[in-house]
Amino acid sequence: MHTANLLVELLVEELPPKALPQLGAAFGRVLADSLREQGLAGPGAALTTYATPRRLAAHLTGVAARAQDRAVQLKLMPVSVGLDAHGQPTPALLKKLASLGVDTGDTAQLAARLRRQHDGKAELLYWDSVVPGATLAEGLQKALDEALRRLPIPKVMTYQLADGWRNVHFVRPAHGLVALHGDQVVPVQALGLSAGRTTRGHRFEAARDPIELPHADAYAETLAREGAVLASFEQRRAEIQRQLAAAAARVGGGCRPIDDDALLDEVTALVERPNVLVCQFDPAFLDVPQECLILTMKANQKYFPLLDAQGRLTHRFLVVSNITPADPSAVIGGNERVVRPRLADAKFFFDQDRKRPLESRVLGLAKVVYHNQLGTQGERVERVGAIARAIAARLGGEELVRLADRAALLAKADLLTDMVGEFPELQGTMGRYYALHDGEDPRVAEAIEDHYKPRFAGDALPRGDVGVVLALADKLETLTGLFGIGQLPSGDKDPYALRRHALGVVRMLIERALPLPLPELLDIAVAAFGERIRDPRAALRDFIDDRLAVSLREQGYRPQEVDAVLALRPALLHEVPRRLAAVRAFAALPEADALAAANKRVTNILRKADAAAVAAQVDVALLREPAEQALHQALQSVQPLAEAAYARGDYTDSLRQLAALKAPVDAFFDSVMVNADDAALRANRLALLAALQRAMNRVADLARLAV
């Protein structure tokens with residue numbers, strides 16, 4: 001069977017840059033999957049995708065000109081329905097076969113081709129036929145239609161074709177379609193276009209226009225040579241990185257471009273032939289906080305700011321141009337002129353904002369709606385302050401309470417500044433700058449910036465105690481308020497980032513080893529709302545525990561270990577890692593499996609028993625059997641040692657002491673009938689098992705380790 005490599009390219013007007021990587025990957029993946037499903041490409045066919053601002057393309061190896069014919073077995077109906085008493089096809093069978101396209105004129109021949117087979121319930125009739133394999137033209141048309149239909153298009157455009165009659169709906173107007181199987185054009189159509197072998201290169205720097213592609217395998221090479229286009233997104237991205245590093249090295253002084261993968265992806269999606277140029281701005285602008293300058297250059301102009309060896313912003317920046325003129329001075333000058341008013345705006349905002357102290361803006365928060373059910377930002381500031389003061393009082397003295405209260409008062413004030421109004425991403429950051437300008441305590445200023453941390457997975461925690469207190473208060477207020485009005489995350493929807501807030505609380509409590517019981521924190525947060533919300537503590541505790549469990553599993557802990565520890569719902573989350581380490585050490589003991597299984601058995605027995613039927617404490621006089629006496633004596637010996645280790649926080653040693661219980665526990669279950677006929681004996685034995693369960697489950701619910 002003839003096979004060759006396949007190339008499909010769709011030439012379009014400039015695609016949305018942030019969506020380009022996903023568009024390119026989806027186009028190629030769906031195209032290849034469809035061809036594989038139709039038998040036109042094997043499972044080992046190698047897919048290469050291409051994506052530039054003006055094209056989506058896919059190259060697939062080993063594509064057949066025609067798929068192999070397929071033998072098909074069609075189940076028709078029971079023999080009793082399909083054949084009459086003389087073995088001839090009934091009208092029902094003839095109708096079924098006709099619907100399948102079978103010629104029913106010669107009934108004798110039909111009867112001979114029918115196959116009978118018993119399926120265990122009845123004898124059935126089957127019709128065996130051969131389905132011709134799809135041609136590449138048929139299969140590619142189907143695959144192309146599916147690929148275009150399933151593209152993750154952020155917003156669809158409607159445009160008119162050249163005939164003036166037909167409208168097309170697509171992400172951008174399409175102007176060309178290439179489909180090559182080896183060196184042959186595959187006659188397919190899409191978006192009002194018929195496939196050919198010609199494409200177009202760079203808008204300004206292509207050596208020829210149009211470009212004729214001689215072969216599917218010559219696509220990338222021909223575009224680069226004759227079209228001045230790097231078609232591969234990955235190669236173009238790597239080339240931009242190389243040029244950025246080289247340009248920074250030419251500047252010298254240990255300079256490096258800012259590291260920003262999202263910006264690099266977006267710029268890669270904006271150019272077809274990257275050319276990095278070095279530009280500069282007036283050093284006087286460096287008096288403005290560098291976060292403001294960096295953000296305006298990245299967000300508005302897609303520039304790469306240059307940092308010095310100490311990470312400070314320099315007055316130089318890198319531009320990724322889409323043209324390569326012999327004299328780049330005009331391009332450099334144009335970009336320098338464009339950035340100047342942007343930086344001037346940032347300087348103006350900074351200067352204007354500093355004319356008023358942060359505290360003067362606090363009253364204005366009473367006019368800013370936070371949530372229609374939870375009130376204004378001003379009311380929120382009061383709640384965060386109340387929570388922060390209560391947490392600070394438990395962690396430190398009057399000084400920490402005073403600083404936390406001041407930081408809570410000022411934390412949201414920068415929302416009303418011009419700079420944050422222009423760049424919301426700078427909230428907290430600008431608050432720190434303005435607080436320092438106002439002469440606030442540096443610890444307060446630092447907390448204003450840090451109370452949003454951690455902003456994302458892996459982000460740093462707040463640096464100081466004031467920041468930790470304020471960050472905890474802010475996140476607990478958000479979680480409690482939104483849970484209290486029923487605004488819970490659902491599926492993959494989490495518009496208020498409550499999962500991130502919960503994980504932030506968990507990380508601070510654990511990584512900073514804070515002696516703050518989680519139930520007590522939830523009590524504090526709920527009290528700050530008064531009667532405004534329903535009590536969300538139970539649901540919120542479940543939610544936080546779930547976030548903690550997910551985080552621990554991602555860190556490599558086994559699900560059974562996590563379940564065993566969290567089943568006891570430890571109030572102090574900073575103890576969880578030590579409990580997990582203890583459980584892991586216990587699980588390595590030779591006695592662990594038997595004790596876990598016994599614990600599970602004890603749990604099941606006690607769950608089924610009536611609580612009233614369990615004695616309050618063990619009566620030694622009622623311990624009749626040697627095995628129950630031995631278990632009680634072993635428990636009396638082991639329990640104080642385990643409790644002492646638990647009390648000093650040595651959870652590993654506490655669990656290790658339990659190994660001595662294996663033999664007496666095994667003997668107990670081998671020779672003692674727990675559910676004795678005598679009610680007093682039964683109640684006493686249940687009390688002994690309850691004492692055993694309490695002793696074994698101080699650190700974790702060991703029954704969760706049983707397989």
A.B. asks: Name all residues meeting the side chain to side chain donor-acceptor pair (under 3.5 Å) criterion together with Arg500; count only those two or more places apart in sequence or in a different chain, and write none if there are none.
C.D. replies: none
A.B. asks: Name all residues meeting the ring pair (Phe, Tyr, Trp, His ring centres under 6.0 Å) criterion together with Phe543; count only those two or more places apart in sequence or in a different chain, and write none if there are none.
C.D. replies: Phe483
A.B. asks: Report the residues that fulfil side chain to side chain donor-acceptor pair (under 3.5 Å) with Gln22, sequence neighbours left out, ordered by chain and then residue number.
C.D. replies: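 Scan of Gln22 (side chain to side chain donor-acceptor pair (under 3.5 Å), adjacent residues dropped) gives none.
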A.B. asks: Determine, for Glu399 against Arg402, whether the closest basic-nitrogen to carboxylate-oxygen distance falls under 4.0 angstrom.
C.D. replies: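 Here Glu399 pairs with Arg402 in a salt bridge, since their nearest N and O are under 4.0 Å apart.
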A.B. asks: For a quick check under 3.5 Å, do Ser551 and Gln555 share a side-chain donor-acceptor pair by atom type?
C.D. replies: yes
A.B. asks: Just by distance, with hydrogens left out, do Arg601 and Asn604 show a side-chain donor and acceptor under 3.5 Å apart?
C.D. replies: no
A.B. asks: Only counting residues at least two apart or in another chain, list the ones meeting salt bridge (Lys or Arg N to Asp or Glu O under 4.0 Å) with Glu446.
C.D. replies: Arg463
A.B. asks: Just to verify, what does Arg380 make a side chain to side chain donor-acceptor pair (under 3.5 Å) with, not counting sequence neighbours?
C.D. replies: Asp474, Glu477, Thr478
A.B. asks: Checking Arg389 against Asp405 for the salt bridge (Lys or Arg N to Asp or Glu O under 4.0 Å) test, could you report, in this order, the C-alpha distance in whole Å, the side-chain angles of both residues, the deciding distance, and whether it holds?
C.D. replies: CA-CA 6 Å; Arg389 289 191 296 273; Asp405 184 53; 2.6 Å; yes
A.B. asks: Suppose we screen for salt bridge (Lys or Arg N to Asp or Glu O under 4.0 Å). Which residues come up paired with Glu625, at least two apart in sequence or across chains?
C.D. replies: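 Salt bridge (Lys or Arg N to Asp or Glu O under 4.0 Å) list for Glu625, sorted by chain: empty.
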A.B. asks: Residues in side chain to side chain donor-acceptor pair (under 3.5 Å) with Gln487, at least two apart?
C.D. replies: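 Gln487: no side chain to side chain donor-acceptor pair (under 3.5 Å) contacts found.
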A.B. asks: How about Leu514 and Leu572: do any of their side-chain heavy atoms sit closer than 4.5 Å?
C.D. replies: no
A.B. asks: Kindly write out the residues that satisfy salt bridge (Lys or Arg N to Asp or Glu O under 4.0 Å) with Glu561, not counting sequence neighbours, or none if the list is empty.
C.D. replies: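 Once residues adjacent in sequence are excluded, the partners of Glu561 under the salt bridge (Lys or Arg N to Asp or Glu O under 4.0 Å) criterion are Arg558, Arg584.
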A.B. asks: When you check the gap from the basic side-chain N to the acidic O, do Arg237 and Asp261 get nearer than 4.0 Å?
C.D. replies: yes
A.B. asks: Is it the case that Tyr433 and Glu449 place a side-chain donor and acceptor less than 3.5 Å from each other?
C.D. replies: no
A.B. asks: Of all residues at least two apart in sequence or in a different chain, which pass the side-chain contact (heavy atoms from CB on, under 4.5 Å) check with Gln657?
C.D. replies: Val638, Leu641, Ala642, Asp653
A.B. asks: Is Asp678 close to Arg682 at the side-chain level, that is, under 4.5 Å between some pair of heavy atoms?
C.D. replies: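 Answer no - side chains too far apart.
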A.B. asks: If the condition is ring pair (Phe, Tyr, Trp, His ring centres under 6.0 Å), which residues does Tyr651 pass it with, not counting sequence neighbours?
C.D. replies: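 Listed in chain order: Tyr646.
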A.B. asks: Tell me every residue that passes salt bridge (Lys or Arg N to Asp or Glu O under 4.0 Å) with Arg553, counting only those two or more places apart in sequence or in another chain.
C.D. replies: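 Partners of Arg553 under the salt bridge (Lys or Arg N to Asp or Glu O under 4.0 Å) test: none.
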A.B. asks: Using residues 522-532 as the side-chain source, report each donor-acceptor pair under 3.5 Å to any protein atom, sequence neighbours left out, with the distance given to one decimal.
C.D. replies:
unit_1 : atom_1 : unit_2 : atom_2 : d
Asp523 : OD1    : Arg537 : NH1    : 2.7
Arg532 : NE     : Gln373 : O      : 3.3
Arg532 : NH1    : Glu379 : OE2    : 3.1

A.B. asks: Under a 4.5 Å cut-off applied to non-hydrogen side-chain atoms, are Met430 and Cys292 in contact?
C.D. replies: yes
